[in-house]
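Below is one structure, written out as structure tokens; comments come after it.
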Amino acid sequence: MGLLSEAGRVGLRPELREVVEYRKSGLSLNWIVGCPLDCGYCVRHLFGNFGMKVPRALTTDEEAVEALVSHRFFRPHVTPVQLLNRATDPMLPAVKPHLLRVLGMLDERGLTNHVLVITRWRIEPEDCAALDALRNLRVTMLVTHSGIEDDRVEPVDSGIAAESLRTAFVHAERFRVVLYWRPIVPGLNDSDAHLARGLELSRFAHAAVFTGLFYRDEIRDYYRSHGLPEPYEDQARRKIFPEVLEARILAAAAGRPPGGAVLFRKTSCAVAYAHGTADYNGHVGIRELCDICPVSQLARCENAWSVPDPGVVAAMVKEVGGRLVGITGRAVVVEGLDEQRRYFLQHGLGFQVHDASKPHHPHRHGRADLGWPVIPEAS
Ligand code: SF4
């Protein structure tokens, strides 16, 4: 794959030219952009590069590794990392060799960080062998499967992801496999048959996450311009997941035959469980998220979690340019910090860090208000 020319880069949004960015599940390295898969709900709509179908590299693989490990927010062995999760699919034939190469280079440095790789494309047995050969990194392959049949929304056959999941799970020795069951959209892929299919697939994963749709203005515009049925009348900053749908999924899971993977509401919880580690986002402080988690995992998270010392936190917050507002039994509350700096603190502390101007509501952690009753959080 060639490097994107200077002229090509000029047309990219500044966010896309930034190859390292902090996101909730980890420090995200995106040195290749462009994807032919055309999923209607793709985050590429948010970056204005949905039309870029051919993957192109912004840097060499070596430069990408250097950009990651020298980033001011990267901490060896601590910072969770995501590779190529923003503007391409890492398992596309043109992209995969670069993914494996960068994994190899990070592994050779002896780093034990979690590394999350999200794909809906093909995983072959030889890919699994390459992943299993890594000695240090804790790699998780998150295989996205929605079961959406409307090919105006999702032209890629969900059968590809289902097959990848099986292949990865059967071959995984050292790396872990998570079923990334998303987006689940009311009216589109939430029938009882869809739920049964998702739960059946969870037999081929070490853990499963279910989640809703990231439905913002740009994605809504795409739906409208393509005459797609709109799932919601409003748009929202966070993922949308109606309470009733969650209850149906959990009820269906409770009634399934033994053998399926444990379900989680949060990506990092599934990743942590799959590797036998505590959740690095400190979700255990948001206790209502944990009512579906195995007792042994709850104990693991509780043991690793404690309310941090206010003096220490205040100094950390100040150092990255913010102000500590307070610490509750659930989260550190700050002001003046963007998402990236909040996630940096959150992963370093293993404790939730919230923005005072964006209150989280009980039982709706990190989700949009649509579909949920409005209950202000108790102070
Ligand atoms: S105990 Fe809670 S925080 Fe830990 S993995 Fe389970 S759901 Fe997540």
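Remember, it's 1-based here, ligands and their atoms both numbered in the order they're listed. Atoms considered below: every heavy atom in the structure, side chains included; atoms not considered: hydrogens, waters and symmetry mates.
Side chains of H77 and T112: a donor-acceptor N/O pair is present below 3.5 angstrom, by distance only. Side-chain polar atoms of T140 and H114 form no donor-acceptor pair below 3.5 angstrom. A donor-acceptor contact under 3.5 angstrom links the side chains of R256 and S202, judged on distance only.
Taking a cut-off of under 4.0 Å to the non-hydrogen atoms of V284, the atoms of ligand 1 that pass are 3 (S). Using a 4.0 Å cut-off to heavy atoms of C301, the atoms of ligand 1 that qualify are 1 (S), 3 (S), 4 (Fe), 5 (S). The ligand atoms of ligand 1 that sit less than 4.0 angstrom from a heavy atom of L289 are 7 (S).
For the side chain to side chain contact (heavy atoms under 4.5 Å, CB included) with C35, the qualifying choice from V54, L92, L84 is L92, the only one to do so.
Ligand 1 lies less than 4.0 angstrom from a heavy atom belonging to Q297.
Of all the heavy atoms of C290, the ones lying under 4.0 Å from any atom of ligand 1 are found in both the backbone and the side chain.
Classification of the H347-Y280 ring pair by plane angle, with boundaries at 30° and 60°, yields perpendicular.
The closest side-chain heavy-atom distance from R197 to H194 is not below 4.5 Å.
In summary, an N, O or S atom of C269 is located under 2.8 Å from atom 8 (Fe) of ligand 1. At least one N/O/S atom of C293, whether from backbone or side chain, sits less than 2.8 Å from atom 6 (Fe) of ligand 1.
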